[in-house]
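Chain identifiers are assigned alphabetically (A, B, ...) following the order of the sequence lines, protein sequences preceding nucleic acid strands; residue numbering begins at 1 within each chain. Keep in mind it's a predicted model, so treat the numbers as computed, not measured.
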Number of protein chains: 2
Amino acid sequence: MTEKQRLYKQSLMKHLYFKRELSCADLSSYTDKSLPYTAKALAELMEEGVVVESGHAHSTGGRRPQMYSLKPDIMFVVTVAMDQFITHVGILDMHNQYVGEVEKLELDLSDQNDSLNQLAQFLDGFITRSGIPKEKIAGIGIGMPGFVDATKGINYTFLQAGNDSIVSHIEKVTGLPVQIDNDSSLIALAELRLGAAREKKNAMVVNIGWGIGLGLVLNGSLFRGTNGFAGEFSHIPLFTNDKICNCGKMGCLETETSLLVIAEKAISGLNAGRASSMKNLSHNKVEDTFRVIMDAANKGDKYAVELISQAAYNIGRGVAILIHVLNPEQIVLSGRGALAGKIWLAPIQQALNEHCIPRIAENIEIMVSQLGYEAERLGAAALVMEHFDNIRPQRRSHKLLTA
Amino acid sequence: MTEKQRLYKQSLMKHLYFKRELSCADLSSYTDKSLPYTAKALAELMEEGVVVESGHAHSTGGRRPQMYSLKPDIMFVVTVAMDQFITHVGILDMHNQYVGEVEKLELDLSDQNDSLNQLAQFLDGFITRSGIPKEKIAGIGIGMPGFVDATKGINYTFLQAGNDSIVSHIEKVTGLPVQIDNDSSLIALAELRLGAAREKKNAMVVNIGWGIGLGLVLNGSLFRGTNGFAGEFSHIPLFTNDKICNCGKMGCLETETSLLVIAEKAISGLNAGRASSMKNLSHNKVEDTFRVIMDAANKGDKYAVELISQAAYNIGRGVAILIHVLNPEQIVLSGRGALAGKIWLAPIQQALNEHCIPRIAENIEIMVSQLGYEAERLGAAALVMEHFDNIRPQRRSHKLLTA
DNA sequence: GGAGTGTTTATAAAATATTTTAAAACTTCT
DNA sequence: AGAAGTTTTAAAATATTTTATAAACACTCC
């Protein structure tokens, strides 16, 4: 088998991973190769035990197509979803089902000490504990907040690795191929391949969290810009307020819209005597504080709704800019904030009505993500599979395709 | 010769058009085909008289490559650059040299009457007068302001064509393939293929004119969004002023930055007694008024410089947003405004310093276009050639490749 | 200032990849 | 039951790359 054919088969596997189940004709048109040619490759993959038949699909007026899917245990992906304090690690099979438990690692990203090595060691141990042989692991996908240069494998904000890159350090420790990217981009990737943005060509995925992240789907694929920094939505200069952002500048979108800002406004508002059902908010436990605010808003607490609406409206102003510049067909709200769902939707829509030229906004679909907390984890796995058909061969165990 | 080979040769021609002169090895790597294969196609193109040898290039350490270029008169492109009042029409050969004179047509775009048909008839007459047989014309490229849907061939702002599209109407009258796009996008295309953004993967081309246009180069090609509306920079909601924009909304970038606004500010400032060397500004002749302001600024008139600087700074704020969202490697200033050159540069840079996260802005190259008024015309020609390797065959005369 | 070494381009022949064509096998619709 | 549409398979034809070899040139070393 030549390199080229191997690559083609990997590309088929990639499509089968993302779409779960496809006919030979589907694969042929996705890969732009002729039917007989993909049929041949598919037959080989079945011979190798990688692909299995999975029944027949409905007829569309002719012979019913034989469907194919990946054998779920032919390969696995390690997914790592980090936030500032906690890292979730899991293993997914080729049907995106968890194998074993998702484990938590308490890792303070802003702690400059030894976090990277801690992570690497933990991952190596986790893989060993799982009992899955490394030859069957396609790679490790990592999502983290911060300024991530995905091509260099570096995070300029967290986990400094000295001279080494994050990617190469973990690759050395685990012996497996590693991919990293910014959390918002991975959420967008998950939506693109497995979620609301499937089949969309241009979509904006807004990640409402401690900052306001953005993942861009342009021309049907994830867009990362020149250095992988694209989507720094949180720090666009949109206000003429005097609030200093933690990026050092003033007037960033984040200074009026992030969950942190909402929490702080709530606390100072209550202290100033605003009437509300909310109680016991604390600066220290932002996570809890925010949950309380969300719950109150869901129950109709007027002040809580007002706080969220203000933030949402301002996010909407930012989204209006995106719409004018990029003319997307869909906006997906995602992240912690979006879990509260539709409270965000109306004020954002309101802002779009006020700030968008009607013709450019009229057909845009605005929705809340269904993937929830799974988004980043699925995105991390998707990141590995996204590269599966053009990964450097020496980085992949040879046994994967001959097992 | 099969369809596929014909397409491949057309793709070679396209590359030769844009790069002017290439070696066989260059073409092979641009098109991702093997050297012997492109050598064979190239030999055929030479046989057909389409391609000629054009000397040897310098050696890069080995045998000097034979260079090839298109025979300039093998084919021609009609370029049409429209603004609100005047339309410039010309014919370019395969070396981007004008054949005959550029002709002007006074055509008021906002006049709903019969402008489209007038244009179509004028173009047909122009082509006939040129003496070039239609079989040798690859197509007509048209750039115009407004909301252009390039795939549908419609302009929602100007030149309504009833049930018909602009493209199909002109195709019917002239019998030639027609492409249209928004003026700012064409300027960006010209910069990408023939100007400052050659070899760049991500660039923003800002078109400073009666509005502030934007052309986006993303992943090495022109980005148009879902409906071809991408780049509506002029109407992003960036200010909380009360000025009503001609789009009907308030706070658009255009309300503080367009050349029209600068002219109006200048007039009212002078009426209010501001000291300046500028004289005789008039609301009616904005074109002249703006020229006077530019000249004054170039000569150091303090008020003129101040007016332009304010506008430029605000454009810079908008560009800062683009930089955060799209992480480009280059910003090109273009259009009428940029003809005044470097007066704009400093305030824009100033705004970026204030509003951009340093790491994301530090390597961005900001420059003034060298193409000047030629940009849109070259872009219109480039638009035709951009589609040359995937145009529907029935839309092209058969003689082009067998002449 | 030539001989040797390494690099790049050019071309022909051989090998392989890929598509086209055609026919068979199903399914649905009428 | 027959017509029309769709998938599947096999054989033939074509497209494309690989391999091998030669030619042209730059650079270094003596």
Report the nucleotide, chosen from D:dT17, D:dC25, D:dG5, that has the shortest atom-to-atom distance to any side-chain atom of A:R63. D:dG5

Could you state the CE-C1' distance from B:M67 to C:dT8, rounded to the nearest angstrom? 14 Å

Candidates D:dT8, D:dA15, C:dT20 - which lies nearest the side chain of A:C24: D:dT8

If I take atom CG in residue A:L35 and atom P in nucleotide D:dA10, what distance separates them, rounded to the nearest angstrom? 14 Å

Would you mind checking if A:K172 and A:D164 are paired as a salt bridge, meaning a charged N to carboxylate O distance below 4.0 Å? yes

Between A:Y68 and B:P36, who's closer to the 5' end of DNA chain D by nearest nucleotide? A:Y68

So B:P65, base contact, sugar-phosphate only, or nothing? Heavy-atom distance under 4.0 Å. sugar-phosphate

Heavy atoms under 4.0 Å, any strand shown: does A:D26 hit a base, just sugar-phosphate, or nothing? nothing

Of the nucleotides C:dT21, D:dC25, C:dT27, which has the atom closest to the B:S59 side chain? D:dC25

Shortest side-chain distance from B:R64, nucleotide among D:dT18, D:dC25, C:dA10: D:dC25

Taking atom P of C:dT19 as reference, at what distance in whole Å does atom OH of B:Y8 sit? 17 Å

Which part of the nucleic acid, if any, lies within contact of B:T60, taking any heavy atom under 4.0 Å across all strands shown: a base, the sugar-phosphate backbone alone, or nothing? sugar-phosphate

Could you state the atom-to-atom distance from NZ of A:K33 to P of D:dT14 in whole Å? 19 Å

Tell me: CD of B:Q66 to C1' of C:dT8, nearest whole Å? 14 Å

Side chains of B:N96 and B:Y17, donor plus acceptor under 3.5 Å: yes

Nearest-angstrom distance from the residue atom NE2 of B:H58 to C1' of D:dA26: 14 Å

Polar side chain donor-acceptor pair, A:Q66 to A:S23, under 3.5 angstrom: no

Indicate yes or no: at least one non-hydrogen side-chain atom of B:I91 is less than 4.5 angstrom from one of B:V77. no

Length of the CD-P vector between B:E53 and C:dT9, whole Å: 16 Å

Can you check the A:L7 CG to C:dT16 P distance for me, whole Å? 19 Å

How about B:K201: does its NZ atom have over 12 heavy atoms from other parts shown lying under 6.0 Å from it? no

